[in-house]
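Right, one structure below, let's go through it.
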Amino acid sequence: MLVETVKLSIIVMKLTPELYPFLKRSELESEIVLRHGLEALEAEDAMEIIQYSISEHQKDAYLH
């Protein structure tokens, strides 16, 4: 099984570039581990990853 680690910005630019301006730099810099590699990723998968990343960064904001 191919495992690949990429920054969220790579996923966004490849599959949902229209969302790039709406994400924070810290979100875009997040490292994402993909079990089947970037080439196997689809737009729906990218949206789930983006939503999860945003919620994770929002949780951190409440802790500070």
Side-chain angles (χ1 to χ4, degrees):
M1 171 179 16
L2 172 66
V3 176
E4 186 175 4
T5 302
V6 297
K7 290 189 187 265
L8 183 62
S9 61
I10 301 295
I11 294 171
V12 172
M13 289 307 292
K14 180 175 167 89
L15 296 165
T16 56
E18 67 278 4
L19 296 179
Y20 193 92
F22 300 104
L23 296 167
K24 297 176 187 173
R25 177 170 295 282
S26 60
E27 293 163 345
L28 292 167
E29 293 294 317
S30 299
E31 290 194 344
I32 309 295
V33 177
L34 303 172
R35 278 188 272 181
H36 302 288
L38 186 60
E39 293 306 314
L41 206 59
E42 297 184 9
E44 308 88 55
D45 303 324
M47 287 302 295
E48 283 185 41
I49 292 168
I50 292 166
Q51 290 171 348
Y52 181 77
S53 179
I54 290 170
S55 72
E56 283 299 304
H57 281 88
Q58 286 177 345
K59 279 197 303 189
D60 290 343
Y62 293 122
L63 297 175
H64 293 162

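On a predicted model such as this, the values are computed, not experimentally measured, just so you know. Because only heavy atoms are used, hydrogens play no part in the values below, and waters and symmetry mates are left out as well, while side chains stay in.
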Please list, one pair per line, the donor and acceptor atoms closer than 3.5 Å that link side chains of residues 7-14 to other protein atoms, with sequence neighbours excluded.
unit_1, atom_1, unit_2, atom_2, d
K7, NZ, E29, OE1, 3.0

Output a table of donor-acceptor pairs, distance under 3.5 Å, between side-chain atoms of residues 37-54 and any protein atom two or more places apart or on a different chain; print 'none' if there are none.
unit_1, atom_1, unit_2, atom_2, d
D45, OD2, E42, N, 3.1
Y52, OH, E56, OE2, 3.4

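Between the OG1 atom in T5 and the CD1 atom in I32 there is a gap of 9.5 Å [rounded to 0.5 Å].
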